[in-house]
Amino acid sequence: MQNEAGENVDLYIPRKCSYTSRLISAKDHGSVQINVGFVDPVSGLFTGESAAFALAGYIRNKSEGDMALSSLVEKNDAKTAAAVESA
C-alpha cells in the first residue's frame, strides 16, 4: 500500500523466489538472499554493483539451490552483456 506521496507504508513486503517466482513467506526460514557482485572484465576488480537473488527454502530443500543460482547468474550475465553491447 502507498500513501499520497507514493511511499510504501506496508509493514511487511513479501519477497519472491528469483528462480520459481513463488512468494517467500515470513516463516520460510530456509530461504536465502544472495548478492552477486559484478566484476570488471579488464581489471578483474569488483565494480561496486551487485545483483540480488532470493531463493526459497523449497528449492534449497530439493538440493537445487546451486543449479538455480548458476542459472540465474547466467541469465543476468547475458542481460548485462546485451545491455553493454547496445549502449
Side-chain angles (χ1 to χ4, degrees):
M1 190 165 122
Q2 295 180 347
N3 61 8
E4 292 83 21
E7 300 170 350
N8 284 333
V9 293
D10 290 329
L11 294 176
Y12 174 71
I13 300 173
R15 295 179 295 162
K16 285 181 84 173
C17 177
S18 300
Y19 188 66
T20 62
S21 298
R22 289 182 174 201
L23 283 179
I24 300 174
S25 68
K27 296 293 183 180
D28 187 359
H29 298 294
S31 63
V32 293
Q33 181 168 333
I34 301 173
N35 293 326
V36 178
F38 295 131
V39 177
D40 182 23
V42 176
S43 65
L45 298 175
F46 175 60
T47 62
E49 298 176 5
S50 62
F53 300 108
L55 294 177
Y58 169 75
I59 293 297
R60 297 185 66 217
N61 190 29
K62 290 176 49 177
S63 301
E64 294 182 6
D66 185 41
M67 180 190 66
L69 185 61
S70 297
S71 172
L72 290 168
V73 169
E74 286 176 8
K75 287 180 187 175
N76 190 35
D77 191 34
K79 285 181 188 177
T80 53
V84 169
E85 289 176 0
S86 66

Can you see which heavy atom on [X] is nearest to which on [Y], and at what distance?
X	Y	value
K16	S21	CE-O, 3.2 Å
Y12	S25	OH-C, 3.6 Å
S18	A52	OG-O, 4.4 Å
F46	F38	CD1-O, 3.4 Å
S31	D28	OG-O, 3.0 Å
I59	A68	CG2-CB, 4.0 Å

Verify same cluster id: Y19, L23 (apolar side-chain graph, 4.5 Å):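 Not linked; separate clusters.
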Check: I24, V32: one ILVMFWY side-chain cluster at the under-4.5 Å cut-off?
Finding: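 I24 and V32: separate clusters.
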> Is the backbone N or O of D10 less than 3.5 Å from a side-chain atom of N8, with the two atoms forming a donor-acceptor pair by type?
Replying inline: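 No, the answer is negative, given that no donor and acceptor are paired below the 3.5 Å cut-off.
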Q: Return yes if some donor-acceptor pair links the side-chain N/O of S70 with the main-chain N/O of D66 below 3.5 Å, else return no.
A: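 Side chain of S70 to backbone of D66, a donor-acceptor pair under 3.5 Å: yes, one is there.
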Measure the shortest side-chain to side-chain distance between V73 and F53 over non-hydrogen atoms and say whether it is less than 4.5 angstrom.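 They are in contact (side-chain heavy atoms under 4.5 Å apart), so the answer is yes.
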Mind checking the [atom1]-[atom2] spacing from [X] to [Y]? Nearest 0.5 Å is all I need.
X	Y	atom1	atom2	value
L69	E74	CG	CD	10.0 Å
E64	Y58	CD	OH	7.5 Å
L55	R22	CG	CZ	13.0 Å
E49	N35	CD	CG	13.0 Å
L72	D77	CG	CG	12.5 Å

